[in-house]
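Quick caveat: nothing in here was measured; it's all calculated off a predicted structure. Numbered from 1 within each chain, the chains take letters A, B, ... in sequence-line order.
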There are 2 protein chains.
Amino acid sequence: MADKATDQRIVAAADDLFYRQGYEHTSFRDIAEAVGISRGNFYHHYKSKDDILRAVIERRLDNTRLLLRQWEQQASSPLDRIICFVKILTTNWAKIRLYGCPVGTLTTELSKLDHPAKKQASEVLTLFRQWLKAQFIALEKAPEKADELAMHVLAFSQGVATLASAYRDKAFVQREIDGMCKWLTQLAAQQE
Amino acid sequence: MADKATDQRIVAAADDLFYRQGYEHTSFRDIAEAVGISRGNFYHHYKSKDDILRAVIERRLDNTRLLLRQWEQQASSPLDRIICFVKILTTNWAKIRLYGCPVGTLTTELSKLDHPAKKQASEVLTLFRQWLKAQFIALEKAPEKADELAMHVLAFSQGVATLASAYRDKAFVQREIDGMCKWLTQLAAQQE
DNA sequence: AGAAATATAGGACAACCGTCCTATACAGTC
DNA sequence: GACTGTATAGGACGGTTGTCCTATATTTCT
C-alpha cells in the first residue's frame, strides 16, 4: 500500500509550487527538494508529472468543496454567502497579489499548453459557478438568471485578481469589492 | 546593418507563438520553424530569448498605441471610444476563446516566472489604463474617479476574457458586453 | 528471526533547452 | 573581378528536463 502521508506531502508541495511558479516551470527537482525526498523515489508515489497534476487538481477540488461547505455554515443567508466568495480576494490577498488566482491562472496555463488535464482544471471553476448559482437561486427565485449572475460574479473575481497581481494595488481591490457587495445587496433587497 | 525584414518576421512569429503557447513553452526551434530559418542564424538578429521577448513587448506596445489612435479616429465621443475597447472581446473572439487576453496572460506568466521583463509587459496594460482614464476624464469632468473607472473597465475585460477561454461561451461574453455598455451609457448620460 | 513487500536513494537515459562557434553563401563596394 | 561585411546553416556545448532502472534500507507479516 502506498504511503499516504508522503503522497499528501508531495501533492501539497506540488500544489503550492504549481500555484507560485506555474505547472511547466516547476520541475521534479523543485518538488523533491520541497518535500525532502530524492527524485528517484518519486515514481513509487506518482507515475508521471501529469499524474501529480491530476492529484493536485483533485486536491483543489476537495479543498474547494470544503471551503464552500464552510461558507454555508458561516453565513446563513445566500447574500452573505456570495459576499464570502467576493471577499476571498482580501482574505487571500497576500498570495493573490503575488501569484494571482490559483484557479484562473492554472486553467489559463493548461489551456495554452493544450494539456489533457485542462478540462479537469476548469471543474474547480465550475464548482464555484454551481455553488454561486445555487445561492442566486436561493436569493431571488428566478432560476433562469442565476447562472448568468454566477458567471458575472466569477468574471468579476477573475478580473480583479488579474489586475491585483499586475499592479499589486490593495486599494483598488477593496474598492471593487465594496462596489460589488453594494450591487449584490441592492440586488437582494429588490427581490424581497 | 541588420536585415529589418527578417527581424520583423521573427518578432511577429514570436509574438504569435508567445500568445498561443506561452513564453516559456515556446522554444527557439518553434520560432525558427515558424519563420523558416535555422536556429544558428537567430543570434544575428537577437542575442537571446529575453531579447526577443523585449522586442515582442515593444511590438505590442507599438501595436496598442496604433489601435488606440484608430479608436480615437473611428469614434468621436469618449463613450463610443470606451465601448470600442469593451467590444474588443467580440472583435477578437476567435483568438480570445482559444488563448485568452494576450496582455493579461503574458503579464500573469511573466509574473509567475519572476521574469525581468514583467514590468515592461504590464506597460501594455497601463497603456490601455491611461487611455481609458483620458476618455473618462473627457466624459465626466471628474478626474479624481477617472482612473478608478478605467481600472474597473480593465478588470471587467480581463475577467470576461479569462472565463471566455475557460468555457468558450460566446453568449456569456455578449451578455457581459451588453451589460457593461448599458452601464457606461447610463454613466455618460447622468454626467450631462 | 526470516521472508516478503514497500520506501528510498542515486544515477543512467535520451531528448530538449538556450547559447555559441565555425564554415559557407551572398551582398554591395572599390 | 577580388574584397569586405552581413546572412545563413548546421552542429557542438553544457545544462536541465521527465522518465526509468537498480541497489539498498526500512517496514510488515508470518
Side-chain angles (χ1 to χ4, degrees), chain A residues 1-58 106 109-110 112-118 120-121, chain B residues 1-58 106 109-110 112-118 120-121:
Chain A
M1 197 206 293
D3 184 341
K4 294 286 179 186
T6 306
D7 283 13
Q8 280 198 319
R9 283 200 304 147
I10 292 174
V11 182
D15 191 347
D16 182 52
L17 286 168
F18 290 172
Y19 176 35
R20 280 164 38 210
Q21 306 184 344
Y23 170 70
E24 197 175 27
H25 192 61
T26 301
S27 69
F28 265 55
R29 191 179 252 95
D30 293 335
I31 304 173
E33 280 179 10
V35 180
I37 62 173
S38 70
R39 279 155 291 136
N41 185 18
F42 243 107
Y43 286 75
H44 270 269
H45 299 277
Y46 298 96
K47 59 179 191 290
S48 70
K49 196 181 178 186
D50 289 1
D51 197 31
I52 294 182
L53 177 60
R54 183 198 50 72
V56 165
I57 296 176
E58 272 181 21
L106 183 67
E109 183 184 359
L110 296 185
K112 292 218 181 199
L113 299 180
D114 203 25
H115 194 282
K118 70 176 176 180
Q120 196 196 357
Chain B
M1 194 205 295
D3 184 341
K4 293 285 179 188
T6 306
D7 282 12
Q8 280 197 319
R9 283 201 304 149
I10 291 173
V11 182
D15 190 349
D16 182 53
L17 286 168
F18 289 172
Y19 177 33
R20 280 163 40 210
Q21 305 185 344
Y23 170 70
E24 197 175 27
H25 192 61
T26 300
S27 69
F28 266 56
R29 193 181 248 95
D30 293 335
I31 304 173
E33 279 179 11
V35 180
I37 62 173
S38 70
R39 277 157 294 134
N41 185 20
F42 243 108
Y43 286 76
H44 271 269
H45 299 277
Y46 298 96
K47 60 180 191 287
S48 70
K49 195 183 178 184
D50 290 1
D51 197 30
I52 295 182
L53 177 60
R54 183 197 48 72
V56 165
I57 296 175
E58 273 181 20
L106 183 66
E109 183 184 359
L110 295 184
K112 293 218 180 197
L113 299 180
D114 202 26
H115 194 282
K118 72 176 175 181
Q120 196 194 358

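When the P atom of D/dG18 is taken as reference, atom CD1 of A/I10 falls 14 Å away, rounded to whole Å. Going from atom CD of A/Q21 over to atom P of D/dT17 covers 10 Å, rounded to whole Å. We find that CZ of A/F42 is positioned 13 Å from P of D/dT17, with the value rounded to whole Å. Atom-to-atom, CG of A/L53 to P of D/dT19 comes out at 12 Å; the value is rounded to the nearest Å. When rounded to the nearest whole Å, the span between OH of B/Y46 and P of D/dT8 equals 12 Å.
Residue pairs meeting the salt bridge (charged side-chain N to carboxylate O under 4.0 Å, His left out) criterion with at least one member in residues 45-57 of chain A, sequence neighbours excluded, are A/D51-A/R54, A/R54-A/E58. Sorted by first and then second residue, the pairs that involve residues 17-31 of chain B and meet salt bridge (charged side-chain N to carboxylate O under 4.0 Å, His left out), not counting sequence neighbours, are B/D16-B/R20.
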* Which parts of nucleotides 14-25 of chain C does protein reach within less than 4.0 Å, heavy atoms only, written one letter per nucleotide 5' to 3' as B for base, S for sugar-phosphate only and - for none? -> ---SSBBB----
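Scored by the ring-ring contact (aromatic ring centres under 6.0 Å, His included) test, A/Y46 finds no partners at all (sequence neighbours excluded). In this structure, B/R39 has no salt bridge (charged side-chain N to carboxylate O under 4.0 Å, His left out) partners at least two apart in sequence or on a different chain. With sequence neighbours excluded, the residues that form a ring-ring contact (aromatic ring centres under 6.0 Å, His included) with B/H115 are B/Y23.
Counting only heavy atoms from C-beta outward, the side chains of B/F18 and B/I31 approach each other to under 4.5 Å.
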